[in-house]
Amino acid sequence: MKHRLFILTAFLSLIFLSSCTVDLSLVLQKDGSVDISFEGGTGQAFTKMIFAAAGGNEQSIDVKQVSYELAKAGFTNVNCSASDISSIRISMKDDKRQSYIFSSGIVTCEKDFLKLNITRKSLVDFYNSADEQLKMILDLFLAPVFNDEDISDEEYLELLATFYGEDSAKEVQNSYINIKLTNYKGETQTQRLPFSRLMCWK
């Protein structure tokens, strides 16, 4: 059971913080709710790292358990599918914008527009709002932003290479998260963020 929960928590953290290819879309509805969709997965190097840290070789996702935990976190209409950890799709709704996406301040709503508000403080607030297992997974990434350190992206990649090997560092170097925010009129804003920059946010 402990192993299962560890794997689940790893997955939930990866939804918002890392992957080789991640597309995250938030659509504000007229009633103030937000439809959220996620598509992506982890690369081979960090997949191995996470499951090794969990103490097993299993590399599959229990989508029913993931859906349950997301519902428990306050999301509704949760639908999760995964062929494996490298190919994951999730759709869900935040009815009152009270999930950790909004409570941390990473995304805000201003005058009927969603706004991406990634700052050092909002990332730290996200980290501080996490449970101990989620924090343990986030700590695996040695993120300077969560440790009150001020280093460059290049120094961060060197740190990852030292701890986890060149493959993991290269995987992070080539990882991006594509974020699309849409208001209820269909007007959109998009942003593409390098994962290494996110982990070293100043």
Donor-acceptor pair between Asn117 and Thr108 side chains, under 3.5 angstrom: no
Test item: Lys202 side-chain N/O and Ile151 main-chain N/O as donor-acceptor pair under 3.5 Å: yes
Closest non-hydrogen atom pair between Ile90 and Cys80, with its separation: CG1-SG, 3.9 Å
Test item: Arg97 side-chain N/O and Val34 main-chain N/O as donor-acceptor pair under 3.5 Å: no
4.5 Å side-chain heavy-atom contact, Ile179 and Val107: no
Met92 and Asn77, any side-chain heavy atoms less than 4.5 Å apart: no
Same cluster (ILVMFWY, side-chain, under 4.5 Å), Ile36 and Leu116: yes
Beyond-backbone contact of Tyr127 with Asp139, side-chain heavy atoms, under 4.5 angstrom: yes
Whether Ser175 side chain and Glu171 backbone form a donor-acceptor pair below 3.5 Å: yes
Greater than 12 external heavy atoms within 6.0 Å of Arg120's CZ: yes
Ile118 vs Leu123 side-chain heavy atoms within contact, under 4.5 Å: yes
Tyr184-Leu181 co-clustered via ILVMFWY side chain contacts under 4.5 Å: no
Shared hydrophobic cluster, Phe113 / Leu28 (ILVMFWY, side-chain heavy atoms < 4.5 Å): no
Using distance only, find each side-chain donor-acceptor pair of residues 141-150 under 3.5 Å and give its atom names and separation, not counting sequence neighbours.
from: Asn147; atom 1: ND2; to: Ala143; atom 2: O; distance (Å): 2.8

Contact summary for Thr188 and Lys180, nearest pair of heavy atoms: CG2-CE, 3.8 Å
Residue pair Phe102 / Leu114, side-chain heavy-atom distance below 4.5 Å: yes
Asp125 side chain vs Ser129 backbone, donor-acceptor pair below 3.5 Å: no
Within one Ile-Leu-Val-Met-Phe-Trp-Tyr cluster: Val27 and Phe38, side-chain cutoff 4.5 Å: no
Neighbour count above 12 (heavy atom, 6.0 Å) for Lys170 NZ: no
Heavy-atom check, side chain of Ser168 versus side chain of Leu160, under 4.5 Å: no
